[in-house]
Chemist: 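One structure is given below, represented as C-alpha coordinates, and several questions about it will come after.
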Amino acid sequence: MSATVSFKVPSAHGPRTVTLSYARVGSGEPLLLLHGIGHHRQAWDPVVHLLAAERDVIAVDLPGFGASPALPDGLRHDLPTMNATLGALCEALEIERPHVAGNSLGGLLALELGREKLVRSVTALSPAGFWTQAERRYAFGVLQTMRGIARRAPLPVVERLSRTAAGRTVLTSTIYARPGRRSPQAVVAETLALAGATGFEETLRAGVDVLFTDDIPHIPVTVAWGTRDRILVRRQGVRAKLIIPRARLVRLPGCGHVPMNDDPALVARVILDGSRAGQ
(Lines give C-alpha, C1' and ligand atoms only; values in the text may rest on other atoms or scores of the structure.)
Protein backbone atom coordinates (compact mmCIF):
# COMPACT_ATOMS: atom_id res chain seq x y z
CA MET A 1 0.00 0.00 0.00
CA SER A 2 1.57 3.28 -1.08
CA ALA A 3 1.42 6.49 0.93
CA THR A 4 3.08 9.89 1.07
CA VAL A 5 4.66 11.80 3.93
CA SER A 6 5.73 15.45 4.12
CA PHE A 7 8.30 16.93 6.49
CA LYS A 8 10.66 19.87 6.86
CA VAL A 9 14.32 19.80 5.81
CA PRO A 10 16.63 22.70 6.73
CA SER A 11 18.18 24.80 3.95
CA ALA A 12 20.32 27.94 3.76
CA HIS A 13 17.10 29.89 3.21
CA GLY A 14 15.03 28.28 5.94
CA PRO A 15 13.12 25.00 6.22
CA ARG A 16 11.73 23.49 3.03
CA THR A 17 8.89 20.98 2.80
CA VAL A 18 9.82 17.64 1.20
CA THR A 19 7.22 15.05 0.18
CA LEU A 20 8.16 11.42 -0.42
CA SER A 21 6.14 8.45 -1.62
CA TYR A 22 6.69 5.11 0.07
CA ALA A 23 5.20 1.66 0.65
CA ARG A 24 5.29 -0.09 4.03
CA VAL A 25 4.58 -3.73 4.83
CA GLY A 26 5.55 -6.40 7.36
CA SER A 27 6.47 -6.36 11.02
CA GLY A 28 9.61 -6.48 13.11
CA GLU A 29 12.58 -4.16 13.22
CA PRO A 30 12.36 -1.40 10.58
CA LEU A 31 14.21 -1.86 7.27
CA LEU A 32 14.51 1.07 4.86
CA LEU A 33 15.00 0.22 1.15
CA LEU A 34 16.65 2.74 -1.21
CA HIS A 35 16.66 2.29 -5.01
CA GLY A 36 19.15 3.46 -7.63
CA ILE A 37 19.18 6.51 -9.91
CA GLY A 38 16.36 6.53 -12.44
CA HIS A 39 14.61 3.64 -10.74
CA HIS A 40 11.69 3.56 -8.30
CA ARG A 41 10.74 1.71 -5.15
CA GLN A 42 9.13 -1.10 -7.17
CA ALA A 43 12.67 -2.30 -7.96
CA TRP A 44 12.40 -4.02 -4.56
CA ASP A 45 9.10 -5.80 -5.28
CA PRO A 46 10.74 -9.20 -5.95
CA VAL A 47 12.17 -9.31 -2.39
CA VAL A 48 9.72 -7.28 -0.30
CA HIS A 49 7.50 -10.21 0.67
CA LEU A 50 10.55 -12.22 1.73
CA LEU A 51 11.89 -9.35 3.83
CA ALA A 52 8.49 -8.52 5.33
CA ALA A 53 8.36 -11.92 7.02
CA GLU A 54 10.96 -10.61 9.49
CA ARG A 55 11.05 -6.83 9.04
CA ASP A 56 8.86 -3.72 8.97
CA VAL A 57 9.83 -2.86 5.39
CA ILE A 58 9.69 0.73 4.12
CA ALA A 59 10.49 1.08 0.39
CA VAL A 60 10.83 4.75 -0.55
CA ASP A 61 10.83 6.66 -3.83
CA LEU A 62 13.83 8.97 -3.55
CA PRO A 63 13.29 12.68 -4.32
CA GLY A 64 12.70 13.21 -8.02
CA PHE A 65 12.15 9.50 -8.74
CA GLY A 66 9.09 7.29 -8.92
CA ALA A 67 6.10 9.05 -7.40
CA SER A 68 8.19 11.47 -5.29
CA PRO A 69 8.58 15.06 -6.55
CA ALA A 70 12.04 16.57 -6.87
CA LEU A 71 13.45 18.50 -3.94
CA PRO A 72 12.10 22.06 -3.64
CA ASP A 73 14.16 25.15 -4.49
CA GLY A 74 16.94 25.67 -1.98
CA LEU A 75 17.75 21.97 -1.60
CA ARG A 76 20.32 20.22 -3.78
CA HIS A 77 20.26 16.54 -4.70
CA ASP A 78 23.63 16.00 -2.99
CA LEU A 79 24.75 13.65 -0.23
CA PRO A 80 24.44 16.05 2.76
CA THR A 81 20.91 16.99 1.68
CA MET A 82 19.95 13.37 1.13
CA ASN A 83 21.29 12.45 4.58
CA ALA A 84 19.16 15.20 6.11
CA THR A 85 16.14 14.20 4.03
CA LEU A 86 16.30 10.51 4.88
CA GLY A 87 16.96 11.31 8.55
CA ALA A 88 13.87 13.55 8.58
CA LEU A 89 11.87 10.83 6.82
CA CYS A 90 12.71 8.38 9.58
CA GLU A 91 11.66 10.92 12.21
CA ALA A 92 8.38 11.60 10.38
CA LEU A 93 7.63 7.86 10.21
CA GLU A 94 8.77 7.38 13.83
CA ILE A 95 11.47 4.93 12.80
CA GLU A 96 14.44 5.02 15.13
CA ARG A 97 17.73 3.86 13.57
CA PRO A 98 16.37 1.43 10.99
CA HIS A 99 18.34 -1.18 9.14
CA VAL A 100 18.95 0.08 5.62
CA ALA A 101 19.57 -1.65 2.30
CA GLY A 102 20.30 0.20 -0.91
CA ASN A 103 21.18 -0.49 -4.53
CA SER A 104 23.57 1.62 -6.63
CA LEU A 105 22.85 5.25 -5.65
CA GLY A 106 20.74 3.82 -2.84
CA GLY A 107 23.72 1.74 -1.70
CA LEU A 108 25.85 4.87 -1.47
CA LEU A 109 23.09 6.65 0.48
CA ALA A 110 22.82 3.64 2.81
CA LEU A 111 26.56 3.79 3.51
CA GLU A 112 26.30 7.53 4.13
CA LEU A 113 23.54 6.91 6.68
CA GLY A 114 25.78 4.31 8.31
CA ARG A 115 28.72 6.71 8.42
CA GLU A 116 26.47 9.27 10.14
CA LYS A 117 25.34 6.63 12.68
CA LEU A 118 21.68 7.06 11.67
CA VAL A 119 21.06 3.32 11.10
CA ARG A 120 21.78 0.05 12.88
CA SER A 121 23.06 -1.95 9.89
CA VAL A 122 23.84 -1.36 6.20
CA THR A 123 23.53 -3.66 3.21
CA ALA A 124 24.81 -2.03 0.01
CA LEU A 125 24.16 -3.79 -3.32
CA SER A 126 26.60 -2.55 -6.00
CA PRO A 127 26.93 0.83 -4.28
CA ALA A 128 28.12 3.91 -6.14
CA GLY A 129 31.19 5.78 -4.95
CA PHE A 130 33.98 3.17 -5.22
CA TRP A 131 34.83 3.93 -8.85
CA THR A 132 37.83 5.36 -10.62
CA GLN A 133 37.08 8.48 -12.65
CA ALA A 134 37.14 6.38 -15.84
CA GLU A 135 34.69 3.88 -14.34
CA ARG A 136 32.43 6.71 -13.18
CA ARG A 137 32.41 8.33 -16.62
CA TYR A 138 31.57 4.98 -18.20
CA ALA A 139 28.71 4.34 -15.72
CA PHE A 140 27.29 7.84 -16.16
CA GLY A 141 27.48 7.47 -19.94
CA VAL A 142 25.53 4.22 -19.77
CA LEU A 143 22.92 5.78 -17.49
CA GLN A 144 22.50 8.83 -19.73
CA THR A 145 22.11 6.58 -22.76
CA MET A 146 19.45 4.52 -20.97
CA ARG A 147 17.65 7.71 -19.97
CA GLY A 148 17.73 9.03 -23.54
CA ILE A 149 16.31 5.79 -24.94
CA ALA A 150 13.56 5.71 -22.31
CA ARG A 151 12.56 9.31 -23.07
CA ARG A 152 12.49 8.82 -26.84
CA ALA A 153 10.78 5.43 -26.98
CA PRO A 154 7.05 5.68 -27.77
CA LEU A 155 4.91 3.94 -25.14
CA PRO A 156 3.32 1.50 -27.66
CA VAL A 157 6.82 0.36 -28.67
CA VAL A 158 7.83 -0.17 -25.03
CA GLU A 159 4.64 -2.11 -24.36
CA ARG A 160 5.15 -4.29 -27.43
CA LEU A 161 8.77 -5.05 -26.54
CA SER A 162 7.84 -5.86 -22.94
CA ARG A 163 5.58 -8.72 -24.03
CA THR A 164 8.47 -11.01 -25.04
CA ALA A 165 11.60 -12.13 -23.22
CA ALA A 166 13.69 -10.90 -26.15
CA GLY A 167 12.04 -7.48 -25.99
CA ARG A 168 12.56 -7.23 -22.24
CA THR A 169 16.21 -8.07 -22.86
CA VAL A 170 16.45 -5.13 -25.29
CA LEU A 171 14.92 -2.79 -22.70
CA THR A 172 16.59 -3.94 -19.47
CA SER A 173 19.66 -6.14 -20.08
CA THR A 174 21.94 -3.31 -18.94
CA ILE A 175 20.66 -3.60 -15.37
CA TYR A 176 19.42 -7.21 -15.17
CA ALA A 177 21.44 -10.32 -15.91
CA ARG A 178 18.17 -12.24 -16.37
CA PRO A 179 15.85 -9.66 -17.96
CA GLY A 180 13.40 -12.30 -19.13
CA ARG A 181 12.39 -12.83 -15.50
CA ARG A 182 11.08 -9.27 -15.16
CA SER A 183 7.34 -9.02 -15.75
CA PRO A 184 6.08 -7.03 -18.76
CA GLN A 185 4.19 -4.64 -16.48
CA ALA A 186 7.29 -3.99 -14.37
CA VAL A 187 9.43 -3.30 -17.45
CA VAL A 188 6.94 -0.77 -18.80
CA ALA A 189 6.62 0.91 -15.39
CA GLU A 190 10.36 1.24 -14.83
CA THR A 191 10.94 2.52 -18.37
CA LEU A 192 8.34 5.23 -17.71
CA ALA A 193 9.93 5.93 -14.30
CA LEU A 194 13.34 6.43 -15.91
CA ALA A 195 11.89 8.70 -18.61
CA GLY A 196 9.97 10.79 -16.08
CA ALA A 197 12.58 11.05 -13.30
CA THR A 198 12.67 14.77 -12.51
CA GLY A 199 15.69 14.38 -10.22
CA PHE A 200 17.86 12.47 -12.70
CA GLU A 201 20.10 15.19 -14.13
CA GLU A 202 20.73 17.02 -10.86
CA THR A 203 21.44 13.78 -9.00
CA LEU A 204 23.90 12.75 -11.71
CA ARG A 205 25.61 16.16 -11.59
CA ALA A 206 25.91 15.93 -7.81
CA GLY A 207 27.67 12.56 -8.18
CA VAL A 208 30.52 13.74 -10.40
CA ASP A 209 32.97 14.27 -7.52
CA VAL A 210 31.61 11.61 -5.16
CA LEU A 211 33.96 9.06 -3.65
CA PHE A 212 33.23 7.05 -0.53
CA THR A 213 36.44 7.09 1.50
CA ASP A 214 35.45 6.59 5.17
CA ASP A 215 35.44 3.45 7.26
CA ILE A 216 32.23 2.54 9.12
CA PRO A 217 33.61 0.76 12.18
CA HIS A 218 30.64 0.97 14.53
CA ILE A 219 27.84 -0.97 12.75
CA PRO A 220 27.59 -4.15 10.65
CA VAL A 221 28.10 -3.45 6.94
CA THR A 222 27.50 -5.84 4.04
CA VAL A 223 28.63 -5.00 0.52
CA ALA A 224 27.29 -7.31 -2.20
CA TRP A 225 28.13 -7.29 -5.91
CA GLY A 226 26.62 -9.12 -8.85
CA THR A 227 29.14 -11.07 -10.91
CA ARG A 228 27.42 -9.81 -14.09
CA ASP A 229 27.12 -6.13 -13.16
CA ARG A 230 27.49 -4.19 -16.42
CA ILE A 231 27.33 -0.66 -14.92
CA LEU A 232 29.54 -0.75 -11.81
CA VAL A 233 32.13 -3.46 -12.32
CA ARG A 234 32.61 -5.87 -9.44
CA ARG A 235 36.26 -4.98 -8.71
CA GLN A 236 34.76 -1.91 -7.04
CA GLY A 237 33.57 -4.27 -4.32
CA VAL A 238 37.18 -5.11 -3.50
CA ARG A 239 37.88 -1.39 -3.10
CA ALA A 240 34.89 -1.09 -0.79
CA LYS A 241 36.28 -3.88 1.37
CA LEU A 242 39.65 -2.09 1.59
CA ILE A 243 37.94 1.13 2.71
CA ILE A 244 35.54 -0.63 5.12
CA PRO A 245 37.72 -3.54 6.35
CA ARG A 246 35.13 -5.02 8.73
CA ALA A 247 32.50 -5.16 5.98
CA ARG A 248 31.21 -8.52 4.80
CA LEU A 249 31.85 -8.71 1.04
CA VAL A 250 29.36 -11.01 -0.70
CA ARG A 251 29.42 -12.28 -4.28
CA LEU A 252 26.06 -12.55 -6.05
CA PRO A 253 26.61 -15.20 -8.76
CA GLY A 254 24.78 -14.57 -12.03
CA CYS A 255 23.32 -11.25 -10.88
CA GLY A 256 23.42 -7.91 -12.65
CA HIS A 257 23.52 -4.33 -11.38
CA VAL A 258 20.00 -4.56 -9.93
CA PRO A 259 20.16 -8.05 -8.40
CA MET A 260 16.80 -8.13 -6.61
CA ASN A 261 15.01 -9.49 -9.68
CA ASP A 262 17.84 -11.78 -10.82
CA ASP A 263 17.95 -13.82 -7.60
CA PRO A 264 15.34 -12.66 -5.07
CA ALA A 265 15.96 -15.46 -2.56
CA LEU A 266 19.71 -14.81 -2.44
CA VAL A 267 19.35 -11.04 -2.17
CA ALA A 268 16.72 -11.29 0.58
CA ARG A 269 18.95 -13.70 2.50
CA VAL A 270 21.95 -11.37 2.20
CA ILE A 271 19.89 -8.41 3.46
CA LEU A 272 18.33 -10.32 6.36
CA ASP A 273 21.69 -11.83 7.38
CA GLY A 274 23.23 -8.35 7.34
CA SER A 275 20.41 -6.91 9.43
CA ARG A 276 20.53 -9.76 11.95
CA ALA A 277 24.11 -8.81 12.68
CA GLY A 278 22.84 -5.40 13.76
CA GLN A 279 20.22 -6.66 16.19
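Each residue takes its place number in the sequence, starting with 1. Keep in mind that what you see is a predicted model, and the values were worked out from it rather than measured.
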Chemist: Using the side-chain contact (heavy atoms from CB on, under 4.5 Å) rule, take Val122 and Leu113 through it: C-alpha gap first, then chi angles, then the decisive distance, then the call.
Modeler: CA-CA 8 Å; Val122 173; Leu113 291 172; 5.9 Å; no

Chemist: With a 4.5 Å cut-off on side-chain heavy atoms, are Leu118 and Glu112 touching?
Modeler: no

Chemist: Can you list everything that forms a ring pair (Phe, Tyr, Trp, His ring centres under 6.0 Å) with His257? Sequence neighbours excluded, please.
Modeler: none

Chemist: For Leu75, is there any backbone N or O sitting under 3.5 Å from a side-chain donor or acceptor partner on Thr81?
Modeler: no

Chemist: Can you check whether Pro127 reaches Val223 side chain to side chain, under 4.5 Å on heavy atoms?
Modeler: yes

Chemist: Could you list the donor-acceptor pairs under 3.5 angstrom formed between side-chain atoms of residues 58-73 and any protein atom two or more places apart in sequence or on another chain?
Modeler:
from	atom 1	to	atom 2	distance (Å)
Asp61	OD1	Arg41	N	2.8
Asp61	OD2	Arg41	NH1	2.6
Asp61	OD2	Ala67	N	2.9
Ser68	OG	Ser21	N	2.8
Ser68	OG	Asp61	O	2.7

Chemist: Step by step, would you call Arg147 with Leu204 a side-chain contact (heavy atoms from CB on, under 4.5 Å)?
Modeler: CA-CA 12 Å; Arg147 162 90 158 166; Leu204 210 60; over 6 Å; no

Chemist: Under a single-linkage definition using a 4.5 Å side-chain heavy-atom cutoff for Ile, Leu, Val, Met, Phe, Trp and Tyr, are Trp44 and Leu50 assigned to the same hydrophobic cluster?
Modeler: no

Chemist: Which heavy atom in Pro217 sits nearest to a heavy atom in Arg246, and how many Å separate them?
Modeler: CB-NH1, 3.5 Å

Chemist: Is there a donor in the side chain of Thr222 and an acceptor in the side chain of Arg248, or the other way round, less than 3.5 Å apart?
Modeler: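 On atom types as modelled, these side chains qualify, holding a pair under 3.5 Å.
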
Chemist: Mind checking whether Val142 and Leu125 sit in one hydrophobic cluster, side chains of I, L, V, M, F, W, Y counted as touching below 4.5 Å?
Modeler: yes

Chemist: Donor-acceptor pair, Trp225 side chain versus Leu232 backbone, under 3.5 Å?
Modeler: yes

Chemist: For Gln42 versus Arg182, what's the shortest heavy-atom pair and its separation?
Modeler: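 The pair with the smallest heavy-atom distance is O-NH2, 3.5 Å.
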
Chemist: For the residue pair Glu29 and Ser275, establish whether any side-chain heavy-atom pair is separated by less than 4.5 Å.
Modeler: no

Chemist: Please find the pair of heavy atoms, one from Arg228 and one from Ala177, that lie closest to each other, and give the distance.
Modeler: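 In this case the closest contact between Arg228 and Ala177 is NH2-O, 3.4 Å.
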
Chemist: Within a 6.0 Å radius of atom NE2 on His218, are there more than 12 heavy atoms belonging to other residues, nucleotides or ligands?
Modeler: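 More than 12 heavy atoms, drawn from other residues, nucleotides or ligands, come within 6.0 Å of this atom.
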
Chemist: Any side-chain heavy atom of Leu34 sitting closer than 4.5 Å to one from Leu86?
Modeler: yes

Chemist: Start with the C-alpha distance between Ile216 and Ile219, add both sets of side-chain angles, then the distance that settles side-chain contact (heavy atoms from CB on, under 4.5 Å), and finish with yes or no.
Modeler: CA-CA 7 Å; Ile216 306 176; Ile219 60 169; 3.7 Å; yes

Chemist: Of all the heavy-atom pairs spanning Asn261 and Pro264, show the shortest one and how long it is.
Modeler: O-CD, 3.7 Å

Chemist: In terms of hydrophobic clusters joined by side-chain contacts under 4.5 Å, are Ile149 and Val188 together?
Modeler: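 In one cluster with Ile149: Val188, no.
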
Chemist: Taking atom types as modelled, is there a side-chain donor on Gln236 or Arg239 under 3.5 Å from an acceptor on the other?
Modeler: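 Result is no, nothing qualifies.
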
Chemist: What distance separates Leu79 CG from Thr203 OG1, expressed to the nearest 0.5 Å?
Modeler: 10.0 Å

Chemist: Among all residues two or more places apart in sequence or in another chain, which pass the ring pair (Phe, Tyr, Trp, His ring centres under 6.0 Å) test with Phe212?
Modeler: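 Here the qualifying residues are Phe130.
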
Chemist: Taking side-chain contact (heavy atoms from CB on, under 4.5 Å) as the definition, give me every residue that meets it alongside Leu51, ordered by chain and number, with sequence neighbours left out.
Modeler: Leu31, Leu33, Val47, Val57, Ala268, Ile271, Leu272

Chemist: Listed by chain and number, what are the side chain to side chain donor-acceptor pair (under 3.5 Å) partners of Arg24, not counting sequence neighbours?
Modeler: Asp56

Chemist: Check ring pair (Phe, Tyr, Trp, His ring centres under 6.0 Å) between Phe7 and all other residues, then give those that pass, not counting sequence neighbours.
Modeler: none

Chemist: Applying a strict under-4.5 Å side-chain criterion to I, L, V, M, F, W and Y, I'd like to know whether Ile175 and Leu143 cluster together.
Modeler: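 Looking at the clustering, Leu143 is in the same group as Ile175.
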
Chemist: Check the pair Leu32, Cys90 against side-chain contact (heavy atoms from CB on, under 4.5 Å), reporting the backbone distance first and the verdict last.
Modeler: CA-CA 9 Å; Leu32 185 64; Cys90 291; 4.2 Å; yes

Chemist: Give me the atom names and distance for the closest heavy-atom approach of Asp262 to Gly256.
Modeler: OD2-N, 2.8 Å

Chemist: Are Val238 and Ile243 linked, directly or through other ILVMFWY residues, by side chains that come within less than 4.5 angstrom of each other?
Modeler: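 No, separate clusters.
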
Chemist: Atom CZ of Arg76 and atom CE of Met82: how far apart are they, to the nearest 0.5 Å?
Modeler: 13.0 Å

Chemist: Would you check if Asn103 and Pro259 make a side-chain contact, meaning some heavy-atom pair closer than 4.5 Å?
Modeler: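 Asn103 vs Pro259: side chains touch.
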
Chemist: Compare all side-chain heavy atoms of Pro10 with those of Lys8 and state whether any distance is below 4.5 angstrom.
Modeler: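 Side-chain contact under 4.5 Å: no.
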
Chemist: If I compare all heavy atoms of Ile231 with all of Asp229, which pair ends up nearest, and what's the gap?
Modeler: N-OD1, 2.9 Å

